[in-house]
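Here's the structure we're looking at; comments come further down.
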Number of protein chains: 2
Amino acid sequence: MQFSKSTDYALHALIHLGHSERCNNVGIKELSGALGVSESYLSKIMSKLRQDGIVRAVSGVNGGYELARPADQITFLDVIQVIEGRQQLFECSNSSSRQHRLLAEEGAAQRDQNRPRKNECLVEKVMNGAEQHLHQYLQEHTIQSVLDEAFKRCSHEVNKK
Amino acid sequence: MQFSKSTDYALHALIHLGHSERCNNVGIKELSGALGVSESYLSKIMSKLRQDGIVRAVSGVNGGYELARPADQITFLDVIQVIEGRQQLFECSNSSSRQHRLLAEEGAAQRDQNRPRKNECLVEKVMNGAEQHLHQYLQEHTIQSVLDEAFKRCSHEVNKK
DNA sequence: CTAATATAGACCTTTGTTGTCCATAATAAA
DNA sequence: TTTATTATGGACAACAAAGGTCTATATTAG
Ligand code: SF4
Ligand code: SF4
């Protein structure tokens, strides 16, 4: 249970793009150099980010990448979901076991119209809750918020001198 | 980024053990039957749980497993960490890149004695925050809490009739 | 002793991650 | 138009992790 390196790379690439907003179109060479990741692999990742509308790309001479929307509208969750996929944190695999029938719900939810929960069992309820908490936190942090804090630290450093 | 099936199995096995507290020593056959998982594989998982002090096991005739401590002291986090390992959710892989030197911290933390943070950069700060939130939530839910809620549902169902 | 039970290790298959390489398309500039 | 530059997509491979089986071994109640 760990985020993949690709997610790491994607985040850093986006931070780099956000930091270089003024001079549009950062090429894969520059990104690759800054992050220390091969051009081949990184371009795969950038391609994914483009397909999901996180960045824009233009081919040809002087082409490259730029953020498709303001950095404060690109959340950590967005990036993670593009790279890692949108599968649930927990996905039950044996819902046909004896135990499921004994200890889950079945009875209560079906007849109760005021709660249109599909078939959420007690284990899934805990795990989905965990996922929601995680997502909410990750949604509150954006590429911009990292840049802001970096800038704050930097100017604080200058003031001290 | 998903919990493994083993975690699923472990949680269900523990719930079963918690539910059968009275008649000690539940054998692997019974567990395997209840969960619909092969004895071989499930025994691997139970073995791990024993090594980490979640369950006790006794060999020989009438042997089997039982919870090593009360069900309300076995949290979801405990189980997940035994099965998935205790690696961090995010682990930086390229801390020697150009970008790290430009955008991380270095300067600020080293001189400042009132914050003994090791080398937590801004990206790690966000990710570690996410992990902490997740862990806190998972720590608040135990095997017992699931059993309790199952019982509540059940008796509520009975009252309705 | 014997049957039942857990344990540990070897081994295998499937799947996912990380990565390279090459052919192709798009585009700005000469 | 041609050329150099850049991104894109597919094929492929090395490696690691997950999921699972099988067998030999130790432990213990009866
Ligand atoms: S109780 Fe929930 S997690 Fe368990 S088998 Fe049923 S659906 Fe799956
Ligand atoms: S800034 Fe943080 S996450 Fe990025 S390379 Fe440095 S240590 Fe790693």
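The figures that follow rest on heavy atoms only: side chains count, while hydrogens, waters and symmetry mates do not. Below, read A as the first sequence line, B as the second, and so on, with proteins coming before strands; counting in each chain starts at 1.
- Contact annotation: B:Gln51 side-chain N/O to C:dA8 OP1/OP2 distance is under 4.0 Å.
- For B:Asn94 and C:dG19, the CG to P distance is 10 Å, given to the nearest whole Å.
- Comparing C:dG19, D:dT28, D:dT8 against the side chain of B:Val61 picks out D:dT28 as the nearest.
- The side chain of A:Asn62 places an N or O atom within less than 4.0 Å of a non-bridging phosphate oxygen (OP1 or OP2) of C:dA29.
- Within 4.0 Å of B:Phe3, counting heavy atoms only, lies no atom of the nucleic acid at all.
- With C:dG19, D:dA7, C:dA6 as the candidates, the nucleotide lying closest to the side chain of B:Tyr65 is C:dA6.
- Regarding contacts with the backbone of D:dG9, a side-chain N or O of A:Ser47 is found under 4.0 angstrom from either OP1 or OP2.
- Taking atom CZ on B:Arg56 and atom C1' on D:dT27, their separation rounds to 17 Å, with Å as the unit.
- Within the structure, a side-chain polar atom (N or O) of A:Ser38 is placed less than 4.0 Å from OP1 or OP2 of C:dT20.
- In terms of position along DNA chain C, the nucleotide closest to A:Glu84 lies nearer the 5' end than the nucleotide closest to the other residue of the pair A:Glu84 and A:Gly60.
- Contact annotation: B:Tyr41 side-chain N/O to C:dT13 OP1/OP2 distance is not under 4.0 Å.
- Between A:Arg50 and D:dT6 there is no side-chain polar atom (N or O) within less than 4.0 angstrom of OP1 or OP2.
- When distances run from any side-chain atom of B:Ser4 to the nucleotides C:dT20, C:dA8, D:dA18, the shortest one goes to D:dA18.
- Side-chain atoms of B:Thr7 and B:Glu84 form a donor-acceptor pair, as typed in the model, at a separation below 3.5 Å.
- One can place NZ of B:Lys48 at 14 Å from C1' of C:dG9, the figure rounded to the nearest angstrom.
- Side chain of B:Lys29, nearest nucleotide from C:dA26, C:dT5, D:dG19: C:dT5.
- A salt bridge is absent between B:Lys5 and A:Glu91: the closest approach of a Lys/Arg side-chain nitrogen to an acidic carboxylate oxygen does not fall below 4.0 angstrom.
- Closest approach to the A:Lys44 side chain among C:dT7, C:dC21, C:dA10 is made by C:dC21 (side chain taken as heavy atoms from C-beta onward).
- Grouping the Ile, Leu, Val, Met, Phe, Trp and Tyr side chains by contacts below 4.5 angstrom, directly or via other members, places A:Ile45 apart from A:Val58.
- Taking atom NZ of residue B:Lys5 and atom P of nucleotide C:dG16, one finds them 11 Å apart after rounding to whole Å.
- For the pair A:Ser6 and C:dT18, the criterion of a side-chain N or O lying under 4.0 Å from OP1 or OP2 is met.
- Distance, A:Leu31 CG to D:dT5 C1': 16 Å, rounded to whole Å.
- One can place CG of A:Leu42 at 12 Å from C1' of D:dA7, the figure rounded to the nearest angstrom.
- In this structure, CD of A:Glu39 is placed 9 Å from P of D:dT6, rounded to the nearest angstrom.
- The six-membered or imidazole ring of B:Tyr137 lies away from that of B:His133, with a centre-to-centre distance of 6.0 Å or more.
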Working for side-chain contact (heavy atoms from CB on, under 4.5 Å), residues B:Tyr9 and A:Ser93: CA-CA 9 Å; B:Tyr9 300 156; A:Ser93 39; 4.0 Å; yes
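- Between B:Gln2 and C:dG16, a side-chain N or O to OP1/OP2 separation shorter than 4.0 Å is absent.
- Nucleic acid contact class of B:Gly63 (heavy atoms, under 4.0 Å, all strands): sugar-phosphate only.
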